[in-house]
Chemist: 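Take a look at this one; I'll ask things after.
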Amino acid sequence: MQMTRRDLFALAAGLAAAGLISLPADASTDAVEAAIKEFAGGMPETGGVEIGAPEIAENGNTVPIEVFADGATSIMLLAAGNPNPGVGTFHFTEMCAESRASTRIRLAKTQDVVAVAKMADGSTKMARREVKVTIGGCGG
Amino acid sequence: MAKIKPRVKVPKKAKAGEAIVIKTLISHPMESGQRKDSKTGKLIPRKIINKFVATYNGKEAFSMDLLPAIAANPYIEFSVKLSESGTMRFEWTDDDGSVYDIENKITVA
């Protein structure tokens with residue numbers, strides 16, 4: 001069979017697409033799980049944590065994120081699709097009016113943002129929320 | 001390098017027990033350690049603010065650990081309930097050990 005130029009392009013595009021599709025199952029999934037387990041001492045149940053984030057972030061270099069978990073003493077934030085999933089941890093005290101905080105984070109691509117909350121009674125909770133990113137942050 | 005300047009938005013007066021919102025912003029490049037220099041192709045070393053602490057009359061009110069995924073010019077917002085007048089002190093700790101701070105007085109009635 002003779003390869004035409006058009007065939008080559010189709011093949012290249014196909015390979016690229018396949019490569020991109022296999023990417024989300026990358027090594028950082030393990031890193032995310034490890035980070036959650038280290039922070040919470042096991043996999044926490046889902047729910048009880050709110051993540052405020054834009055559905056679509058045009059600029060991944062600065063994405064506004066708000067976290068809230070009623071009664072939490074600390075909330076850890078992870079970006080599951082970043083080269084390093086860790087983002088930061090908020091620590092609340094009795095002086096805080098509520099366990100709510102906002103910041104701005106970097107997202108390399110469209111991905112899930114994960115928030116893990118440690119409650120005053122020792123229990124842990126988590127939430128996930130997808131944020132679509134049109135222009136990636138993290139270097140570039 | 002741009003001068004590192006902290007800015008905070010804190011109400012001057014508050015009612016006792018009322019939730020007040022504190023907004024903070026510090027100008028800092030938050031060099032993630034993953035960016036390459038466009039000329040030399042070498043990695044630019046990591047230099048970020050890694051810790052933020054807000055204390056009120058010497059007692060910790062709120063703190064945050066920061067990692068390279070925090071955007072440049074870190075913005076942090078949180079809320080507090082106060083029962084007495086005093087001074088809120090904000091401290092940002094840099095990777096190189098420098099500490100940037102600012103203080104604000106709040107009158108609680």
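The sequence lines fix the lettering, A, B, ..., with proteins before strands; numbering per chain opens at 1. Please read these numbers as outputs of a predicted model, since none were measured by experiment.
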Chemist: Tell me the residues of residues 101-109 of chain B whose non-hydrogen atoms fall below 4.5 Å from those of chain A, in number order.
Modeler: none
Chemist: For the CG atom of B/Leu67 and the CD1 atom of A/Ile105, what is their distance to the nearest 0.5 Å?
Modeler: 11.0 Å
Chemist: Where do B/Met30 and B/Ala71 come nearest, in terms of heavy atoms and distance?
Modeler: CG-O, 3.6 Å
Chemist: Can you check whether A/Ala57's main-chain N or O pairs, donor with acceptor, with A/Thr134's side chain at less than 3.5 Å?
Modeler: yes
Chemist: Is chain A contacted by the side chain of B/Lys23, its backbone, both, or neither, given a heavy-atom distance below 4.5 Å?
Modeler: neither
Chemist: Quick check for you: to the nearest 0.5 Å, what is the distance between B/Leu43 atom CG and B/Lys36 atom NZ?
Modeler: 6.0 Å
Chemist: Got a donor-acceptor contact below 3.5 angstrom from the B/Asp94 side chain to the B/Ile49 backbone?
Modeler: no
Chemist: With rounding to the nearest 0.5 angstrom, report the CD1 to NE2 distance, B/Ile4 to B/His28.
Modeler: 4.0 Å
Chemist: Is it the side chain or the backbone of B/Leu25 that comes within 4.5 Å of chain A heavy atoms, both, or neither?
Modeler: side chain
Chemist: Do any of residues 92-104 of chain A have a heavy atom less than 4.5 Å from a heavy atom of chain B, and if so, which, in residue order?
Modeler: A/Phe92, A/Thr93, A/Met95, A/Cys96, A/Ala97, A/Glu98, A/Arg100, A/Ala101, A/Ser102, A/Thr103, A/Arg104
Chemist: Under 3.5 Å, side chain of B/Asp37 to main-chain N/O of B/Lys42, donor-acceptor pair present?
Modeler: no
Chemist: Report yes or no: does B/Arg35 contribute a side-chain atom to a donor-acceptor pair with the main-chain N or O of B/Ile44 at less than 3.5 Å?
Modeler: no
Chemist: How long is the gap from CD1 on B/Ile70 to CG on A/Leu77, to the nearest 0.5 Å?
Modeler: 7.0 Å
Chemist: Any chance you could measure A/Leu107, atom CG, to A/Ile65, atom CD1, to the nearest 0.5 Å?
Modeler: 6.0 Å
Chemist: If every non-hydrogen atom of A/Thr62 is compared with every non-hydrogen atom of A/Pro64, which pair is closest and at what distance?
Modeler: O-CD, 3.8 Å
Chemist: Measure from the side-chain N and O atoms of A/Asn84 to the backbone N and O of B/Ala69, and report whether any donor-acceptor pair falls under 3.5 Å.
Modeler: no
Chemist: Only heavy atoms, only distances under 4.5 angstrom. Which residues in residues 73-93 of chain B are near chain A?
Modeler: B/Tyr75, B/Ile76, B/Glu77, B/Phe78, B/Ser79, B/Val80, B/Lys81, B/Leu82
Chemist: For the backbone of A/Lys109 and the side chain of A/Gln111, can you confirm whether one donor and one acceptor N or O come within less than 3.5 Å of each other?
Modeler: yes
Chemist: Quick one: does A/Thr124's side chain have a donor or acceptor within less than 3.5 Å of a partner on A/Ala117's backbone?
Modeler: no
Chemist: Is it true that B/Lys47 and B/Asp96 have a side-chain N and a carboxylate O under 4.0 angstrom from each other?
Modeler: yes
Chemist: Rounded to the nearest 0.5 Å, what separates atom NZ in B/Lys13 from atom CD in B/Glu18?
Modeler: 12.5 Å
Chemist: Pull out the residues in residues 50-57 of chain B that come under 4.5 Å of chain A, heavy atom to heavy atom, sorted by number.
Modeler: B/Lys51, B/Tyr56
Chemist: Can you confirm whether B/Arg7 is buried at CZ, in the sense that more than 12 heavy atoms of other residues, nucleotides or ligands lie under 6.0 Å from that atom?
Modeler: no
